[in-house]
Amino acid sequence: MSETLRGRFVCGTFMHAPQAGTVEALVDALIEIGADGRIAAIHPAGHTDRAAAEVAAGNSGRLTRFAPTDIIIPGFVDLHVHAPQYPQLGLALDEPLEVWLGKYTFPLEARYADLDFARDSYDTLVGDLLRNGTTTALYFATVHQEATQLLVDICLERGQRALVGKVAMDDPESCPDYYRDASAAAGVAGTRAVIDYVRSHPDNREQRVLPVVTPRFIPSCTDDLLEGLGQLAGECGCHVQTHCSESDWAHGYVLDRHGMSDTESLDRFGLVGRHSVLAHATRLTGSDTDLVISRQAAVAHCPLSNAYFGDAVFPLRAALEKGMHVGLGTDISGGPTASVLESARMAMAASRLLESGTDPDLPRAERGRPNSRIDYRTAFYLATAGGGVALDLPIGQFAPGYHFDALRIDTAAPEGTIRSFGETDPDQMLQKLIHSASRANIADVWVGGMYV
Ligand code: GUN
Ligand code: FE
């Protein structure tokens, strides 16, 4: 098998969700992939030049034709992954956030001072995420510069599109001595060093890996660090990620310390902009929501993690209807899954619970919030194009100029979990795919047209 689709044509059924709530099926379409791994042209079935293009592609031996049981979809975008927490996936879910951090998570993250451990763990994670269909991940690493650079190397080696941030956390009041930046200045300098490392990496000429300014969250950072990182983000024009109003405790902590909301405080430090991704945001007020939207910042919706730590369900549909940029995050390991598809299912279920309400002793009319549910179309959007919009990257849909980051879903894989009973409607197959596909159905994964 060729290692790349670059410079080739692919023919088959492609499905994507360029906007929340709408799915488009390109049945028997021909897509031309450029030498740079981006989509050069799309020839839908029945278009005037379609047949000639197919003959030309076939004659030059550059045509790959997929099976009728294959559906090609955009690769998944995971907007919130704590890479060092992978060894803890499925563990340590018995404590609230503020206890969980000190009891389990900081001790684990501190182990990444050991680069052998870091290489083992990060290599396993990146390989697993690719097999699960995550073609782009937004990663929190640890405070360690070297181990963060190793994560960058591994993403480049394995070909995953990634945004990687050295975690910055310096407040001696809240961070243990064994796991924090030595000072605000050290946190800023380490962040700057990783940005330079990513941007000048000899294997990163296509900028497949991007740097991210990553204050862990306000409770871990001094004001000096937040200010320094805000300035750095402005200066270097890179992405920003942090946690925002994740839980009652986290939201209340910022109100007490700064006398304003998490969103307002992050914003005054210059940390809420078009390239910012705020994780969780379950406790945003109405004016926080307006502020996030006015800055064109994004929320990483982490529905499974929110069930453990969030204290509330993020009002996803209302946020989308107001125009907020939203995508999905697994929040490994706060959310015990490494699959964006499972996060998408949880997003649908959580939205239904918000709509119906949860307390059976309340009368139906008081139990939930009407018009809160999302369906498989919006879940598909969030897992793909929504993540692309959040990151302001040309990924997550099939359109000229977009990177060919895609998955071949074999809907007939014997070991898979999609079963068909004669359905011919692509939309029905997509419903089955979103609700019931598993790793064995993910037959090929491409990033920038390369098999990964
Ligand atoms: N808030 C600060 N750090 C973390 C973390 O590692 N995970 C989650 N879910 N929330 C956080
Ligand atoms: Fe998190």
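In each ligand, atom 1 is the first atom listed, and ligand 1 is the first ligand listed. Please read all numbers here as calculations on a predicted model, not as lab measurements. FYI, side chains are in, hydrogens and waters are out, and symmetry mates aren't considered; it's all heavy atoms of this structure.
- Shown are the protein N/O/S atoms under 2.8 Å from the Fe ion (ligand 2), given by residue and atom: His80 NE2, His82 NE2, His243 NE2, Asp331 OD1.
- Nearest heavy atoms, Cys236 versus Ile195: SG-CD1, 3.8 Å.
- Atom 3 (N) of ligand 1 has its closest protein heavy atom at Arg216 NE, 2.8 Å.
- Taking every heavy atom of both residues into account, Ile442 and Gly133 meet most closely at CD1-N, 4.0 Å.
- Residue contact annotation: Trp100 has a non-hydrogen atom under 4.0 Å from ligand 1.
- On a distance-only criterion, Thr105 and ligand 1 share no N/O pair closer than 3.5 Å.
- If you look at Phe106 next to ligand 1, there are no close heavy atoms at all, none under 4.0 Å.
- Ligand 1 has a nitrogen or oxygen under 3.5 angstrom from a nitrogen or oxygen of Asp331.
- In this structure, Leu391 and Leu163 approach most closely via the heavy-atom pair CD1-CD1, 3.8 Å.
- Scanning all heavy atoms of the two residues, the minimum distance from Ala281 to Phe314 falls at O-CD1, 3.4 Å.
- The pair Glu246-Arg216 does not count as a salt bridge, with every side-chain nitrogen at least 4.0 angstrom from each carboxylate oxygen.
- Of the listed residues (Gln85, His82, Gln88), just one forms a side-chain hydrogen bond (donor to acceptor under 3.5 Å, both in side chains) with Thr105, and that residue is Gln88.
- Taking the six-membered ring where the residue is Trp, Phe14 and Phe398 present perpendicular rings, their angle passing 60° and hence far from 30°.
- Between the side chains of Glu109 and Thr142, no donor N or O sits under 3.5 Å from an acceptor N or O.
- Among the atoms of Glu109, none of the N or O lies under 3.5 angstrom from an N or O of ligand 1.
- Between the side chain of Thr285 and the main chain of Asp288, a donor-acceptor pair closer than 3.5 Å is present.
- Counting only heavy atoms of the protein, atom 10 (N) of ligand 1 lies nearest to Glu246 OE1, 2.6 Å.
- Between His280 and His80, the distance from one ring center to the other falls under 6.0 angstrom.
- At a 3.5 angstrom cut-off on N or O pairs, His80 does not count as close to ligand 1.
- For atom 4 (C) of ligand 1, the candidate residues are His243, Gln85, Met169, Gln88; the nearest heavy-atom contact is made by His243.
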